[in-house]
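We name chains A, B, ... by the order of the sequence lines, and we start the count at 1 in each one. What you see below is based on every heavy atom in this structure, not just the backbone, and it leaves out hydrogens, waters and symmetry mates.
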Protein chains: 4
Amino acid sequence: MPGGCQDETSRLVFGYARAVPDPNRRSERSRAAILAATLDLLHESGYADLTVEKIAARAGVGKQTIYRWWSGRGAVVLDALVDQIGPAGPPALPDTGDLEADLRLVVRAIVAELADPRLSVTTRALTIETLTSETFAETMRDRLLRPQLDTIKERLRGRVRDDVDLDQAVELLIGPMYHRWMMRTGPLTEAYADGIVDLALAALRPH
Amino acid sequence: MPGGCQDETSRLVFGYARAVPDPNRRSERSRAAILAATLDLLHESGYADLTVEKIAARAGVGKQTIYRWWSGRGAVVLDALVDQIGPAGPPALPDTGDLEADLRLVVRAIVAELADPRLSVTTRALTIETLTSETFAETMRDRLLRPQLDTIKERLRGRVRDDVDLDQAVELLIGPMYHRWMMRTGPLTEAYADGIVDLALAALRPH
Amino acid sequence: MPGGCQDETSRLVFGYARAVPDPNRRSERSRAAILAATLDLLHESGYADLTVEKIAARAGVGKQTIYRWWSGRGAVVLDALVDQIGPAGPPALPDTGDLEADLRLVVRAIVAELADPRLSVTTRALTIETLTSETFAETMRDRLLRPQLDTIKERLRGRVRDDVDLDQAVELLIGPMYHRWMMRTGPLTEAYADGIVDLALAALRPH
Amino acid sequence: MPGGCQDETSRLVFGYARAVPDPNRRSERSRAAILAATLDLLHESGYADLTVEKIAARAGVGKQTIYRWWSGRGAVVLDALVDQIGPAGPPALPDTGDLEADLRLVVRAIVAELADPRLSVTTRALTIETLTSETFAETMRDRLLRPQLDTIKERLRGRVRDDVDLDQAVELLIGPMYHRWMMRTGPLTEAYADGIVDLALAALRPH
DNA sequence: TGGTAAGCGAGACGGTACGTCCAGTCTTTGT
DNA sequence: ACAAAGACTGGACGTACCGTCTCGCTTACCA
């Protein structure tokens with residue numbers, strides 16, 4: 001970025017310069033311990049019992065170190081999840097040319113994750129936080145959800161009836177699963193996943 | 001109930017007495033004040049700021065009166081909502097014979113409710129509680145959600161492809177809306193509602 | 001007190017009525033446990049290590065119960081001391097007719113108390129608090145110090161040169177001891193106590 | 001010091017190295033800034049609000065620079081005071097030959113200092129620290145108090161009844177003032193100072 | 001119709017967690 | 001090697017609520 005020197009230490013030129021901690025001095029050891037402790041506690045006793053104080057104690061860290069880098073437990077859980085799935089993001093959606101087979105794969109994967117209490121506990125936590133805080137909802141949506149939805153959206157592009165809105169199409173696929181998961185209105189099985197794919201494709205397929 | 005003498009006020013089981021409050025003596029005045037205060041506070045500052053203590057103070061009621069009749073703030077919000085929409089339940093789904101028109105009506109109504117911050121704040125609260133407590137989730141599902149879904153389910157029965165599972169069909173209609181609402185992935189408008197109905201019917205209609 | 005009805009629950013008629021806890025409902029058990037724990041901790045590790053949190057933990061009491069009835073650790077220590085010496089106040093100064101003998105008695109008693117680390121730790125704590133907080137200083141002075149000084153003052157009245165200010169006379173007797181105690185400028189012994197009495201009487205005695 | 005080579009920067013004793021900072025390399029600029037900031041803050045908001053962190057921030061200095069050269073805020077205040085009154089120590093007690101006049105001068109000066117909130121705030125801080133820490137008390141006594149008391153002591157030597165202990169004599173003069181100042185038992189005025197001198201001399205004067 | 005027992009308001013209680021501040025140590029980056 | 005800067009662990013602060021409890025008061029039911 002030639003000529004575009006961005007001063008890292010004070011980003012606000014106008015307005016009040018909130019003292020922002022220097023990320024270069026951040027302790028990687030503490031960061032990792034906090035995220036690990038968070039996942040541990042989440043698996044042991046769920047989000048309702050997860051407190052900043054317990055995270056700090058389990059991680060062997062001062063509370064301030066958490067508050068220095070995160071705004072609250074929700075933000076920590078989000079980072080813990082992002083850290084867990086790795087910087088590469090979610091596994092890429094394969095493109096075999098067979099749309100139905102590909103979708104079956106992703107939908108099954110999502111259903112499996114939601115059905116597994118150990119895996120879905122983070123999703124549950126993040127959903128609660130999303131419903132609680134508007135600003136968190138936006139972070140969550142942009143950092144985690146949008147990329148995932150966009151992948152599916154691109155896969156659908158050009159292969160569905162050209163009068164459908166792709167965002168609606170993706171939600172047609174995704175929404176029912178999350179609804180069933182949250183509301184516990186029925187079992188989350190592979191058969192269910194396949195049923196959703198069938199229905200969605202019936203709605204979306206050209207002809 | 002011949003032979004089965006069930007004392008309402010104290011169920012003695014093997015010597016342990018769990019005192020159950022007598023609903024006949026319940027103060028209707030307090031009940032109403034609590035539910036009204038709950039909705040007020042919910043509208044003023046949201047579920048995260050809603051506490052049993054504030055409800056009691058606003059309602060001019062002792063905390064114990066709340067804990068006597070409800071298990072926590074979630075249960076109070078649920079009752080407040082039920083009380084608000086009236087004992088008759090949600091407005092009956094009309095049956096004009098035109099399935100598409102009828103569905104358009106319900107779906108539009110739901111979208112409108114979710115889009116209105118004043119109305120959706122209770123739904124938001126109940127969803128959070130649903131994600132937090134398994135037992136609450138079941139109460140919520142059975143008392144509030146199931147009747148609503150069943151209404152739609154019955155309307156669909158016999159008018160859709162006979163190889164589709166009706167529960168899945170209902171969720172195909174409902175799930176996308178809730179997903180968009182929770183995750184703030186797009187606008188909740190009438191056009192969106194109609195789009196969902198179109199897609200769902202394309203998936204479900206015979207042929 | 002005829003006609004002078006004093007409402008106990010709200011003492012402020014003008015200005016803001018600070019919610020004052022109801023002393024009738026106060027738990028005597030907790031009060032006693034707090035004061036005992038305070039003295040214990042004070043003897044174990046001194047005032048610098050005394051924290052409200054530790055008092056609460058040791059007393060098996062919530063922190064709020066301390067903050068409800070006291071303004072801070074200083075106030076608790078003051079009450080602990082008052083509670084310890086009993087509602088009767090300090091032991092009455094005997095009046096044998098022999099001024100010198102009587103004074104020798106009190107001054108020796110005070111010196112002995114200051115010389116004993118176990119007894120003087122409370123005095124030390126209260127003195128620190130007195131130097132720290134102006135309002136505490138006034139409470140301390142009026143509740144604890146003034147009565148003690150006045151006792152001596154009354155004993156001196158009429159028996160000393162009639163041109164001396166009695167307040168100064170008392171301080172002439174008391175001040176040197178406290179100075180030596182605080183500043184550790186010399187030993188606090190009976191001989192010292194007697195020396196002080198001799199000097200003071202030499203200054204005060206008629207002729 | 002033949003044979004006793006003492007390395008100033010690191011005293012190695014049986015393998016344990018306790019790094020001692022080299023006073024030659026000490027930054028005079030930082031030292032002065034720290035002492036000035038300390039007095040500023042003390043005057044602004046008192047000793048209870050004085051923290052090492054605030055001193056460092058105000059002085060534009062790292063916290064470590066304070067901890068390197070002082071043991072805590074008490075030691076800094078002590079140095080600040082010593083620095084303020086200058087290396088020459090307190091103004092010398094004049095010797096006019098008239099003992100009463102000379103004493104009146106010192107006692108009035110001390111009373112004036114204690115009565116002035118701006119001046120006495122440091123004395124207050126040092127007294128608190130003296131009561132808090134035994135080792136500080138000794139430093140304080142030897143560095144600040146003893147010289148002052150000894151000056152008076154020497155002035156009294158040979159001019160008072162020869163059966164009185166001079167240390168007690170000095171404290172008879174000094175103690176009452178400090179007591180009144182700390183306990184706020186009365187006004188600190190010139191008249192009071194003179195009264196103390198009168199009483200003390202009545203006790204001490206030969207015959 | 002007076003006694004008893006419930007619900008009620010009020011709010012103190014033992015606790016847990018909050019988010020902030022500071023102590024005192026450690027580490028990084030100049031200079 | 002000292003200094004500035006400031007992140008770190010740890011601990012206490014004073015506050016807010018939790019869910020339980022106890023206190024008088026009012027109110028309904030029963031004897």
Side-chain angles (χ1 to χ4, degrees), chain A residues 9 19 21-27 29-30 33 49-57 59-69 71-73, chain B residues 9 19 21-27 29-31 33 49-57 59-69 71-73, chain C residues 9 19 21-27 29-30 33 49-57 59-69 71-73, chain D residues 9-10 19 21-27 29-30 49-54 56-57 59-69 71-73:
Chain A
T9 61
D22 178 352
N24 297 330
R25 307 218 162 201
R26 183 167 186 180
S27 158
R29 152 187 265 286
S30 296
D49 271 19
L50 183 72
T51 68
V52 172
E53 215 143 62
K54 282 176 188 161
I55 296 172
V61 137
K63 278 204 288 179
Q64 199 61 59
T65 300
I66 297 181
Y67 285 112
R68 201 181 344 261
W69 302 110
S71 62
R73 60 175 188 160
Chain B
T9 62
D22 177 352
N24 296 332
R25 294 191 170 231
R26 182 169 187 181
S27 157
R29 156 188 262 286
S30 296
R31 192 189 139 276
D49 271 18
L50 183 72
T51 69
V52 172
E53 215 142 66
K54 281 177 187 160
I55 296 172
V61 138
K63 282 203 290 176
Q64 197 58 254
T65 302
I66 297 181
Y67 284 112
R68 199 180 345 262
W69 302 109
S71 63
R73 60 175 189 162
Chain C
T9 61
D22 178 352
N24 296 332
R25 303 210 169 222
R26 183 167 187 181
S27 157
R29 153 188 266 283
S30 296
D49 271 20
L50 183 72
T51 67
V52 173
E53 214 143 64
K54 281 176 188 162
I55 296 172
V61 136
K63 278 202 290 180
Q64 199 63 56
T65 301
I66 298 181
Y67 284 113
R68 195 175 356 255
W69 302 110
S71 63
R73 62 177 188 161
Chain D
T9 61
S10 71
D22 178 353
N24 296 330
R25 298 198 167 226
R26 182 168 186 182
S27 156
R29 155 188 263 287
S30 295
D49 272 18
L50 184 72
T51 67
V52 172
E53 214 143 67
K54 281 176 187 162
V61 139
K63 282 205 289 178
Q64 197 57 252
T65 302
I66 297 180
Y67 284 112
R68 195 173 357 253
W69 302 108
S71 63
R73 60 175 189 162

Would you kindly give the [atom1]-to-[atom2] distance between [X] and [N], to the nearest whole Å?
{"X": "A:R68", "N": "E:dC22", "atom1": "CZ", "atom2": "P", "result": "14 Å"}
{"X": "C:D22", "N": "F:dT22", "atom1": "CG", "atom2": "C1'", "result": "12 Å"}
{"X": "B:I66", "N": "E:dA10", "atom1": "CD1", "atom2": "P", "result": "12 Å"}
{"X": "D:D49", "N": "E:dA23", "atom1": "CG", "atom2": "P", "result": "11 Å"}
{"X": "C:W69", "N": "F:dG14", "atom1": "CH2", "atom2": "P", "result": "19 Å"}
{"X": "B:E53", "N": "E:dA10", "atom1": "CD", "atom2": "C1'", "result": "12 Å"}
{"X": "B:R26", "N": "F:dA28", "atom1": "CZ", "atom2": "P", "result": "16 Å"}

Checklist entry - Who passes side-chain contact (heavy atoms from CB on, under 4.5 Å) against C:S71, sequence neighbours left out? => result C:A75

Item to check | Those residues that, when tested against D:R29, pass side-chain contact (heavy atoms from CB on, under 4.5 Å) (two or more places apart) | outcome: D:S27

Next on the checklist: I'd like to compare against my own output: the B/S/- annotation of nucleotides 25-31 of chain E with a strict under-4.0 Å heavy-atom distance to protein.
Outcome noted: BBBBS--

Checklist entry - So which one's nearest nucleotide on DNA chain E is more toward 5', B:G60 or D:T51? => result B:G60

Item to check | A:L50 or B:T65, whichever maps to the more 5' nucleotide of DNA chain E | outcome: B:T65

Item to check | Side chain proximity check, B:W69 to B:R31, heavy atoms < 4.5 angstrom | outcome: no

Checklist entry - Any idea which of E:dC22, E:dG14, E:dC13 is nearest the D:K54 side chain? => result E:dC22

Checklist outcome for this item: CD1 of B:I66 to CD of B:Q64, rounded to nearest 0.5 Å, is 10.0 Å

Checklist entry - Under 4.0 angstrom, heavy atoms only, what part of the nucleic acid is A:G72 near: base, sugar-phosphate, or nothing? => result nothing

Checklist outcome for this item: Here the pair of heavy atoms bringing D:T65 nearest to D:V61 is CB-CG1, 3.9 Å

Item to check | Heavy-atom pair of closest approach, residues C:A33 and C:A59 | outcome: O-CB, 3.5 Å

Next on the checklist: Determine whether a donor-acceptor pair (N or O, by modelled atom type, separation under 3.5 Å) exists between the side chain of D:R73 and the backbone of D:L50.
Outcome noted: yes

Checklist entry - Has A:S30 got a side-chain N or O lying under 4.0 Å from the OP1 or OP2 atom of F:dT9? => result yes

